[in-house]
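Atoms within a ligand are numbered from 1 in the order they appear, just like the ligands themselves. Quick note: residue numbers are just sequence positions, from 1.
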Amino acid sequence: MSDNGKLTVPGAPTGHALRDAIAAKQRTAEEITRDALSAIERLEPQLRAYITMLPDRAIAKARDVDRRIARGEQVGSLAGIPTAVKDIFCVRDAVTTAGSKILERFVAPYSATVVEKLDAADAIIVGKTNMDEFAMGSSCENSAFFPTHNPWDTTRVPGGSSGGSASTVGSGAVALALGTDTGGSIREPASFCNIVGVKPTYGRVSRYGMIAFASSLDQAGPMTTDVRDAADLLEAIAGWDPMDSTSVDVPVPRYADALRTDLSSVRLGIVREFEESIAGDAAMAQLYKAAYADLAALGATFVDVSLPHAKYGLATYYLIAPAECSSNLARYDGVRYGLRKNGSGDVFSMFEQTRAAGFGPEVKRRIILGTYALCSGYYDAYYVRAQKVRTLMKQDFDAAFAACDAIACPAVSCPPFPLGAKSQDPVAMYLMDYFTIPMSLAGIPALSVPAGYVNDLPVGLQICAPIFEEARMLGIAHAYEQATQHARRRTPAAAATA
Ligand code: GLN
């Protein structure tokens with residue numbers, strides 16, 4: 001790595017290319033897994049994308065896949081593909097921290113449903129990735145352990161909260177990763193690390209075994225090198241789960257069948273309020289104009305749509321998410337999970353000391369905010385009112401989708417920023433999710449796909465669709481990706497040394 005933070009990244013293999021190589025018997029799952037593990041090892045000193053590596057589990061699984069292929073047995077849809085998992089998902093017998101000191105030594109007694117599904121699809125889980133503590137943040141700097149760095153420029157943040165997953169996929173070390181998105185935590189880091197990140201419809205993917213932040217918003221989704229991989233990974237993890245009463249029993253389509261290469265007869269909504277907001281930054285506005293021109297060249301037509309309540313998105317989110325987190329995080333009391341500090345001997349001092357020592361400043365800020373918003377007397381004024389605004393936001397999207405098939409809009413307001421630039425200013429950090437929060441509040445699917453560069457730093461285009469229309473959304477993103485190939489470019493240093 002040179003002094004200016006530019007990193008030489010390996011060529012990014014896609015998961016489907018690796019799967020094809022295994023199927024054609026050109027490579028074994030074990031070779032591919034060992035390559036991924038050594039790429040991670042080589043890059044970790046600069047990136048710090050992982051909290052826990054699982055090399056033994058990965059090699060054992062890869063050998064099992066190879067054995068079954070050698071015997072001519074059927075293997076899963078992700079067989080032999082190295083996959084990273086955000087450390088918010090329980091993986092049986094592995095340390096699962098959610099980026100927090102309070103769970104530093106917590107060993108999960110069972111696996112999340114999505115992890116079981118990855119195992120059933122024969123993906124190779126290589127490790128658990130770094131994240132903002134309990135998924136609260138937009139830069140990965142709120143991890144209780146260490147910040148993760150951006151593979152495009154290691155002096156910059158990878159985004160958050162799924163920063164470790166974004167960084168390791170962006171570096172080319174692994175093709176697939178799982179993240180979670182409550183208000184933007186898949187889409188913003190995907191944009192910052194030049195990868196594809198998909199937040200599915202709320203209820204599309206099981207939350208069982210995924211450590212809860214804000215239960216009415218949290219959703220797991222794919223973070224991948226390209227759209228085809230995102231389609232395959234989403235298909236593998238989606239579906240109804242009897243263990244999660246908020247998962248929905250809607251059939252999972254073959255998403256790969258929806259991938260298209262032109263956009264004729266597609267009507268895309270352009271959000272008036274978002275365009276007014278991005279217009280203040282000439283370089284960003286220019287990039288998105290170019291993206292819309294590329295979509296038009298593929299045959300899409302545009303419709304002007306309005307999301308009049310989007311301006312209340314942040315205020316609404318920062319009541320609902322803290323309120324739900326204050327309730328969800330009440331369980332970390334020193335009695336049942338992880339850390340315990342004994343205090344002065346009585347149980348209340350044990351609770352206090354454990355939570356004082358175990359939670360970081362952002363988590364404490366949110367617990368205090370959320371507890372306040374839920375107090376009797378304030379509950380109607382804050383929480384109930386925020387829920388009403390949420391309904392209005394959902395109605396805004398319903399009205400917009402009456403006139404268009406999908407919406408194209410900015411994913412972020414800026415390219416990745418330097419480490420430390422916003423870490424002392426919570427509100428500046430909250431503003432990072434301005435373009436992603438409305439979709440989370442409405443529960444609709446949304447993704448970020450690489451859209452080009454501002455000052456040599458990657459920026460993503462957001463595409464969102466009506467509930468359960470992930471196939472349509474992925475199809476549009478695929479056409480755009482194939483026509484533009486923005487993810488293909490490598491960092492200047494990598495290109496120079498290639
Ligand atoms: N950045 C937002 C927050 O801090 C969203 C995080 C997320 O989606 N998990 O809450």
Participant: Output every pair passing salt bridge (Lys or Arg N to Asp or Glu O under 4.0 Å) with a member in residues 374-388, not counting sequence neighbours, ordered by first then second residue.
Facilitator: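 Residue pairs passing salt bridge (Lys or Arg N to Asp or Glu O under 4.0 Å), neighbours aside: none found.
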Participant: Are any protein N/O atoms closer than 3.5 Å to the N/O atoms of ligand 1? If there are, list each pair with names and the distance to one decimal place.
Facilitator:
residue  : atom   : partner : partner atom : Å
ligand 1 : 1 (N)  : G137    : O            : 3.0
ligand 1 : 1 (N)  : S138    : OG           : 2.8
ligand 1 : 1 (N)  : D433    : OD2          : 2.4
ligand 1 : 4 (O)  : G137    : N            : 2.8
ligand 1 : 4 (O)  : Y318    : OH           : 3.4
ligand 1 : 4 (O)  : R366    : NH1          : 3.4
ligand 1 : 4 (O)  : R366    : NH2          : 2.7
ligand 1 : 8 (O)  : T182    : N            : 2.7
ligand 1 : 8 (O)  : G183    : N            : 2.7
ligand 1 : 8 (O)  : G184    : N            : 3.2
ligand 1 : 8 (O)  : S185    : N            : 3.0
ligand 1 : 8 (O)  : S185    : OG           : 2.7
ligand 1 : 9 (N)  : A135    : O            : 2.8
ligand 1 : 9 (N)  : T182    : OG1          : 3.4
ligand 1 : 9 (N)  : S185    : OG           : 2.7
ligand 1 : 10 (O) : Y317    : OH           : 2.6
ligand 1 : 10 (O) : R366    : NH1          : 2.8

Participant: Do Y453 and N194 meet the criterion of a side-chain donor-acceptor pair at a distance under 3.5 Å?
Facilitator: yes
Participant: Please identify which of these residues, K86, K199, R187, meets the salt bridge (Lys or Arg N to Asp or Glu O under 4.0 Å) condition with D181.
Facilitator: R187
Participant: I'd like to know whether S143 forms a side-chain hydrogen bond (donor to acceptor under 3.5 Å, both in side chains) with N130, so could you lay out the CA-CA distance, the side-chain angles of the two residues, the decisive distance to 0.1 Å, and finally the verdict.
Facilitator: CA-CA 7 Å; S143 165; N130 197 20; 2.8 Å; yes
Participant: Sequence neighbours excluded, which residues qualify as side chain to side chain donor-acceptor pair (under 3.5 Å) partners of D241?
Facilitator: T113, S206
Participant: Could you work out, with ring-ring contact (aromatic ring centres under 6.0 Å, His included) as the rule, every residue matching F145, not counting sequence neighbours?
Facilitator: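 F145 satisfies ring-ring contact (aromatic ring centres under 6.0 Å, His included) with no residue once adjacent residues are dropped.
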